[in-house]
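Here the structure comes first, spelled out in structure tokens, and everything after it is commentary.
Ligands are counted one by one from 1 in listed order, and the atoms in each one are counted from 1 as well.
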Amino acid sequence: MIPELARPCVYMQNSQRVEEVIQAMQQAGPNTLQVISDFDMTLTRFSYNGKRCPTCHNILDNSKLISEECKEKLKDLLNTYYPIEIDSGRSVEEKLPLMVEWWTKAHALLVQQRIRKDLLALVVRESDAKLREGYNVFFDQLQEHSIPLLIFSAGIGDVLEEVIRQAGVFYPNVKVFSNYMDFDESGALRAFKGELIHIYNKREGALLNSGHFQELRARHNVLLLGDSLGDLTMADGVHSTENILKIGYLNDKVEERREAYLKAFDIVLEKDETMDIANAILLHITRGQ
Ligand code: TMP
Ligand code: MG
């Protein structure tokens, strides 16, 4: 049905179910579809030319806006908490307080640096951030068919928006839930706004933003993209879901996590730095009827 699904990077526990869901979505048409995607390591690349690509946080961490001393501290946090984030031997219950700790400490350090709003665009431009190959086809297709895209990220909203703005794909059908910076009257970072979003509370984040899902209540079909098991709850605010197709990028600790990912996501992508699979599915759905 979709030749791209036969690529060696694609793993599915139940390919028949995947076909059935895509078929049902095609029949219902693009007017009933909404797309919900994580940002870091889902819309952005995990690696490029053998080098790891930055998350929203890393874009700031590696920038000239941060002192050398603070960079060391942020690196220590990354080295402590990232292995916990991807540890398949620990339960979500065990990881959750540690993730809150990571985000809280990292945000406190960023605030101490009094990052200037007017320099964000520059540091994003100078960074190694890269959207996945085929991102333009992904955003263009959604825009062309007026399919709403919710980018739901535990990263930093101001940075994320700048990445997609500079890539020329921050279209009106794109909405972002994320951690936004609060700047003082001089334009220096003083805090983060609202409730913290970390990788394991996206369900709560979704429920807090019920207005968005209320607006989209006629769209019962969901295409979800993520790279973390925490991303699976991003669609928990959707009104009476009819069909949901979950695509998961398995970027790191592949062997250890494959089984859990195959159970949780309908399609698991390994060593795939592109948006090709999502693009092929969207093309099939939108070309439909
Ligand atoms: P996401 O929800 O858009 O994927 O963003 C969350 C990612 O951000 C998660 O994989 C961990 C990463 N992260 C950092 O790289 N540095 C940090 O300081 C923090 C708090 C998170
Ligand atoms: Mg992610």
Exercise for the section: Measure the distances from the heavy atoms of E85 to every atom of ligand 1 and state whether one is below 4.0 angstrom. Expected result: yes

Exercise for the section: Start with the C-alpha distance between S228 and D231, add both sets of side-chain angles, then the distance that settles side-chain hydrogen bond (donor to acceptor under 3.5 Å, both in side chains), and finish with yes or no. Expected result: CA-CA 5 Å; S228 157; D231 295 330; 4.5 Å; no

Completion exercise
When K202, M234, H212 are each screened for side chain to side chain contact (heavy atoms under 4.5 Å, CB included) with F177, the one that passes is H212

Exercise for the section: Please verify whether a non-hydrogen atom of L77 lies at under 4.0 Å from ligand 1. Expected result: no

Handout entry: the Mg ion (ligand 2) contact by D231, N, O or S atom under 2.8 Å
Key = no

Exercise for the section: Answer yes or no on whether R258 is positioned over the face of Y11, meaning its NZ or CZ is under 6.0 Å from the six-membered ring centre and within 45° of the axis. Expected result: yes

Handout entry: Donor-acceptor under 3.5 Å (E162 side chain, L120 main chain)
Key = no

Problem - Which of the ligand 1 atoms, numbered from 1, are nearer than 4.0 Å to a heavy atom of F39 - result: 3 (O)

Exercise for the section: Please confirm whether T55 comes within less than 3.5 Å of ligand 1 when only nitrogen or oxygen atoms on both sides are compared. Expected result: yes

Exercise for the section: Keeping the roles fixed (side chain from T233, backbone from D236), state whether a donor-acceptor pair exists under 3.5 Å. Expected result: no

Completion exercise
of all protein heavy atoms, closest to atom 16 (N) of ligand 1 is H57 CB, 3.2 Å

Completion exercise
For the Mg ion (ligand 2), the nearest N/O/S atom on D227 is atom OD1

Practice task
Determine, using the 4.5 Å side-chain heavy-atom cutoff (strictly less than), whether F152 and F138 are members of one ILVMFWY cluster.
Solution key: no

Practice task
Could you tell me whether R132 sits above the aromatic face of Y249, with NZ or CZ closer than 6.0 angstrom to the six-membered ring centre and within 45 degrees of the axis?
Solution key: yes

Completion exercise
min-distance N/O/S atom, D40 vs the Mg ion (ligand 2), resolves to O

Practice task
Taking only heavy atoms of A106 into account, list the atoms of ligand 1 that are under 4.0 Å away from them.
Solution key: 18 (O)

Handout entry: Nearest non-hydrogen protein atom, atom 1 (P) of ligand 1
Key = D38 OD1, 2.9 Å

Handout entry: Heavy atom of the protein closest to atom 3 (O) of ligand 1 (residue, atom name, distance)
Key = S153 OG, 2.7 Å

Handout entry: ligand 1 atoms in contact with G155 (distance to a heavy atom under 4.0 Å)
Key = 3 (O), 5 (O)

Exercise for the section: Could you tell me which N, O or S atom of D38 is nearest to the Mg ion (ligand 2)? Expected result: OD2

Practice task
Examine ligand 1 and decide if any of its atoms is less than 4.0 Å from a heavy atom belonging to K202.
Solution key: yes

Handout entry: Close-contact set for ligand 1 against D40 heavy atoms, below 4.0 Å
Key = 1 (P), 3 (O), 4 (O), 5 (O), 6 (C), 7 (C), 8 (O)

Problem - Among M41, R45, K271, the one residue meeting side chain to side chain contact (heavy atoms under 4.5 Å, CB included) with N251 - result: M41

Handout entry: Nitrogen or oxygen atoms of D61 and ligand 1 under 3.5 Å apart
Key = no

Practice task
State whether a side-chain donor-acceptor pair under 3.5 Å links Y180 with E161.
Solution key: yes

Handout entry: Within 45° cone of Y48 ring axis and under 6.0 Å: K130 NZ or CZ
Key = yes

Handout entry: ILVMFWY cluster, L269 and L229 together (side-chain gap under 4.5 Å)
Key = no

Practice task
Starting at CD1 of I267, measure out to CD1 of I22 and round the result to the nearest 0.5 Å.
Solution key: 5.0 Å

Completion exercise
Ranked by distance from atom 20 (C) of ligand 1, the top protein heavy atom is W103 CD2, 3.4 Å

Practice task
Quick one: look at D231 and ligand 1, take heavy-atom pairs under 4.0 Å, and tell me if it's side chain, backbone, both or neither.
Solution key: neither

Exercise for the section: For ligand 1, find out whether one of its N or O atoms is nearer than 3.5 Å to an N or O atom of A154. Expected result: yes

